[in-house]
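A quick write-up on the structure given underneath.
Residue numbering restarts at 1 for every chain, and letters A, B, ... go by the order of the sequence lines.
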2 protein chains.
Amino acid sequence: MPDEPAPPPTGDPSAPDPPDQPLRVEVLSAVFQVRAAGDMSQQDTPRLCVLLRDPDGGGRTCPRRALPGGDVGPRETLAQSARRHLADDLDVAGLAHIEQLSVFSAPHRVPGTRTIASTYLGLLPSDARTQLPDGAAWVPVDALDPVTGPLVHDHGKIVDAARQRLAAKLSYTNIAFALAPRQFAMSELSEIYCAALGYNVDTTNLLRVLSRRAVVVATGTVGRTGRNGGRPPALYRFADSELRVTDEFATLRPPM
Amino acid sequence: MPDEPAPPPTGDPSAPDPPDQPLRVEVLSAVFQVRAAGDMSQQDTPRLCVLLRDPDGGGRTCPRRALPGGDVGPRETLAQSARRHLADDLDVAGLAHIEQLSVFSAPHRVPGTRTIASTYLGLLPSDARTQLPDGAAWVPVDALDPVTGPLVHDHGKIVDAARQRLAAKLSYTNIAFALAPRQFAMSELSEIYCAALGYNVDTTNLLRVLSRRAVVVATGTVGRTGRNGGRPPALYRFADSELRVTDEFATLRPPM
DNA sequence: TCAAAAGTGTTCGTAGTACACCCATGT
DNA sequence: ACATGGGTGTACTACGAACACTTTTGA
């Protein structure tokens with residue numbers, strides 16, 4: 001699924017590759033944050049947003065939209081490179097999680113020099129306030145194809161892969177720690193799950209599941225009640241602040 | 001986990017990368033097959049084996065061991081490149097499945113030119129007979145570190161990553177189709193699961209789980225009884241011959 | 001006192017495990 | 001017939017989903 005089903009090689013498939021062939025390796029990152037959509041027209045329910053950038057620089061009427069990234073430096077790993085390129089747009093210290101997605105290697109996925117893209121998924125807690133430079137913006141992922149045109153090159157596919165990865169890991173890991181604030185009411189966490197998954201999640205059951213797995217723990221403190229009254233919520237936090245698999249081997253697990 | 005925690009870059013981390021820096025991209029594949037270990041001393045229970053190759057050519061007394069692979073050609077995707085390099089050792093048409101693993105990019109993971117490795121997991125059905133050239137061999141994965149020395153460079157880590165990926169997907173996908181023969185008794189399939197997972201799997205329950213999920217279906221035919229008598233087994237086959245997720249979202253699944 | 005939000009308890013369905021028991025074959 | 005492996009049936013456990021009911025606040 002990562003590699004597009006490119007047509008079979010037209011040249012001699014067993015030709016030894018010239019060691020000096022021009023070859024670029026770029027790193028592209030899909031960074032997500034759940035944020036209450038900028039327009040305050042609606043009763044803004046939080047939405048999953050992705051960080052996009054205009055590759056031609058800011059200030060256009062109809063900017064092209066691309067994922068942030070760039071080339072790999074000679075002395076850095078790919079993960080370090082991803083962080084370095086993201087530092088142009090946001091405070092990378094706030095990035096709570098970053099992990100590798102697949103490599104996109106179709107020979108002509110971008111025009112010009114043969115460019116292989118190693119892609120990353122990054123997550124930013126919902127309470128991290130970012131000051132984006134010109135040409136960068138948070139775009140709700142469910143408003144991508146229809147409204148603004150498609151993304152540059154194959155970046156749309158990369159965002160899709162990132163969404164799928166996130167949705168899957170929400171189900172069997174504690175990855176939501178990287179999308180949630182340090183402390184939160186279960187209703188807030190539920191909204192984050194809803195935004196990331198795209199469907200409703202029962203708040204009470206979410207608490208039960210995550211408690212049993214010891215993914216979240218109560219802090220003992222309570223938060224403030226909402227605008228229209230209601231009982232003040234207990235506050236929780238994630239037990240770990242790094243990825244942990246919580247439901248490995250749902251089936252075919254080792255005996256005992 | 002894919003990128004080793006390399007030391008922070010020593011040079012200027014924000015230096016723009018020279019577009020003509022020497023950079024190699026290699027493809028490495030961990031190909032697995034469950035095979036009844038060559039030595040006929042034991043009551044040979046099948047074991048998970050990985051295809052290794054002596055990078056210095058065959059005929060050594062104490063060969064080094066490495067994963068098969070090599071550089072990417074200018075007109076091929078990484079997956080195509082993986083298949084091309086594997087063709088030196090086996091009939092790639094027999095490879096029932098191949099998928100991307102992570103990228104290994106530590107700056108000095110191999111000496112000399114900066115080399116980034118894109119890695120693949122390949123699976124060969126247990127009944128595929130292979131005629132390996134000199135210098136290539138099937139090595140049981142549980143006999144890697146202790147007996148023969150470690151693998152070259154970081155290839156040991158790559159094999160570990162491949163094993164983990166396989167074990168995980170055995171639990172929630174139909175990936176075993178790529179390790180099993182076209183037709184098989186459930187006891188054979190059970191042995192394959194045992195070999196790949198490293199622990200015992202109950203044959204009767206395996207049938208139930210895989211039947212309910214419509215992963216395997218009965219062919220209606222029966223096989224021959226074993227060496228010491230016993231009821232002849234019903235034969236089964238996998239419903240699909242391509243990867244399918246069978247247990248997506250074990251928890252937090254969409255309503256209805 | 002009423003609405004709104006949070007939290008608790010209960011019921012239900014279902015998937016997976018363990019294990020006993022029955023079936024079919026070769027010797 | 002009997003040992004050997006294959007297959008079926010059943011009971012048990014656990015987890016997650018749904019939903020009703022209770023609790024705590026603000027207006």
Side-chain angles (χ1 to χ4, degrees), chain A residues 43 45-46 170-173 183-194 197 199-236 245-256, chain B residues 43 45-46 170-173 183-194 197 199-236 245-256:
Chain A
Q43 72 286 20
T45 67
L170 280 175
S171 164
Y172 68 93
T173 74
Q183 290 203 134
F184 49 87
M186 278 314 290
S187 55
E188 295 176 59
L189 188 61
S190 181
E191 283 180 330
I192 290 173
Y193 273 84
C194 292
L197 292 174
Y199 53 78
N200 202 51
V201 174
D202 186 294
T203 309
T204 65
N205 289 333
L206 184 65
L207 170 59
R208 246 188 285 255
V209 170
L210 298 185
S211 292
R212 176 171 20 222
R213 297 180 176 175
V215 171
V216 299
V217 294
T219 61
T221 58
V222 294
R224 295 210 50 76
T225 183
R227 40 211 166 289
N228 337 0
R231 176 173 171 172
L235 296 184
Y236 297 83
V245 174
T246 60
D247 199 26
E248 202 168 21
F249 299 116
T251 68
L252 306 179
R253 61 173 140 275
M256 252 125 293
Chain B
Q43 72 287 20
T45 67
L170 280 175
S171 163
Y172 68 93
T173 73
Q183 290 203 134
F184 50 86
M186 278 313 289
S187 54
E188 296 176 58
L189 187 62
S190 181
E191 284 180 329
I192 290 174
Y193 273 84
C194 291
L197 292 173
Y199 53 79
N200 202 50
V201 174
D202 186 294
T203 309
T204 64
N205 289 332
L206 183 64
L207 170 60
R208 245 189 286 256
V209 170
L210 298 184
S211 293
R212 177 174 18 226
R213 296 179 177 177
V215 170
V216 299
V217 294
T219 61
T221 58
V222 295
R224 294 211 53 75
T225 181
R227 40 210 164 289
N228 335 3
R231 175 171 171 172
L235 296 184
Y236 297 82
V245 175
T246 61
D247 199 27
E248 202 168 24
F249 299 116
T251 68
L252 306 180
R253 61 172 142 277
M256 255 128 289

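Rounded to whole angstrom, the span from the OH atom of Tyr199(A) across to the C1' atom of dA18(D) amounts to 16 Å. The interatomic distance linking Glu191(A) (CD) with dA5(C) (C1') rounds to 12 Å, in whole Å. Nucleotide dT17(C) holds its P atom 11 Å from the CG atom of Leu197(B), rounded to whole Å. The interatomic distance linking Leu235(A) (CG) with dT25(D) (P) rounds to 14 Å, in whole Å.
Partners of Glu191(A) under the side-chain contact (heavy atoms from CB on, under 4.5 Å) rule, at least two apart in sequence or in another chain, are Pro46(A). Partners of Thr203(A) under the side chain to side chain donor-acceptor pair (under 3.5 Å) rule, at least two apart in sequence or in another chain, are Ser190(A). Residues that satisfy the side-chain contact (heavy atoms from CB on, under 4.5 Å) test with Val222(B), not counting sequence neighbours, are absent from this structure.
Taking side-chain N and O atoms only, Arg212(B) has no distance below 4.0 Å to OP1 or OP2 of dT14(C). Taking only side-chain nitrogens and oxygens, Arg224(A) never comes nearer than 4.0 Å to OP1 or OP2 of dT25(D).
Listed in residue order, the members of residues 203-210 of chain A having a heavy atom less than 4.0 Å from DNA chain D are Thr204(A), Asn205(A), Arg208(A), Val209(A).
Distance from the side chain of Asp202(A) is smallest to dC19(D) among dT24(D), dC19(D), dG16(C). Distances were taken from every side-chain heavy atom of Ala234(B) (C-beta onward) to each of dC15(D), dG7(D), dA24(C); the shortest belongs to dG7(D). Across dA6(C), dG7(C), dA24(C), the shortest atom-to-atom separation from the side chain of Met186(A) is found for dG7(C).
Looking at Leu206(A) and Asp202(A), their side chains never come closer than 4.5 Å, going by heavy atoms from C-beta outward.
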Under-3.5 Å N/O pairs linking protein and nucleotides 21-23 of chain C:
{"unit_1": "dC23(C)", "atom_1": "O2", "unit_2": "Arg231(B)", "atom_2": "NH1", "d": "3.3"}

For residues 208-220 of chain B, run the donor-acceptor check on the side chains, cut-off 3.5 Å, and write out each pair with its distance to 0.1 Å, sequence neighbours left out.
{"unit_1": "Ser211(B)", "atom_1": "OG", "unit_2": "Leu207(B)", "atom_2": "O", "d": "2.7"}
{"unit_1": "Arg213(B)", "atom_1": "NH1", "unit_2": "Ser171(B)", "atom_2": "O", "d": "3.2"}
{"unit_1": "Arg213(B)", "atom_1": "NH2", "unit_2": "Asp247(B)", "atom_2": "OD2", "d": "3.3"}
{"unit_1": "Thr219(B)", "atom_1": "OG1", "unit_2": "Thr221(B)", "atom_2": "N", "d": "3.3"}
{"unit_1": "Thr219(B)", "atom_1": "OG1", "unit_2": "Thr221(B)", "atom_2": "OG1", "d": "2.8"}
{"unit_1": "Thr219(B)", "atom_1": "OG1", "unit_2": "Leu235(B)", "atom_2": "O", "d": "2.9"}

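Although no hydrogens or angles enter the test, the distance criterion places a donor-acceptor pair under 3.5 Å between the side chain of Thr246(B) and the main chain of Tyr172(B). Between the side chain of Glu188(B) and the main chain of Ala185(B), a donor-acceptor pair closer than 3.5 Å is present.
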| Derivation of the side chain to side chain contact (heavy atoms under 4.5 Å, CB included) call for Met186(A) and Tyr236(A) | CA-CA 7 Å; Met186(A) 278 314 290; Tyr236(A) 297 83; 3.5 Å; yes
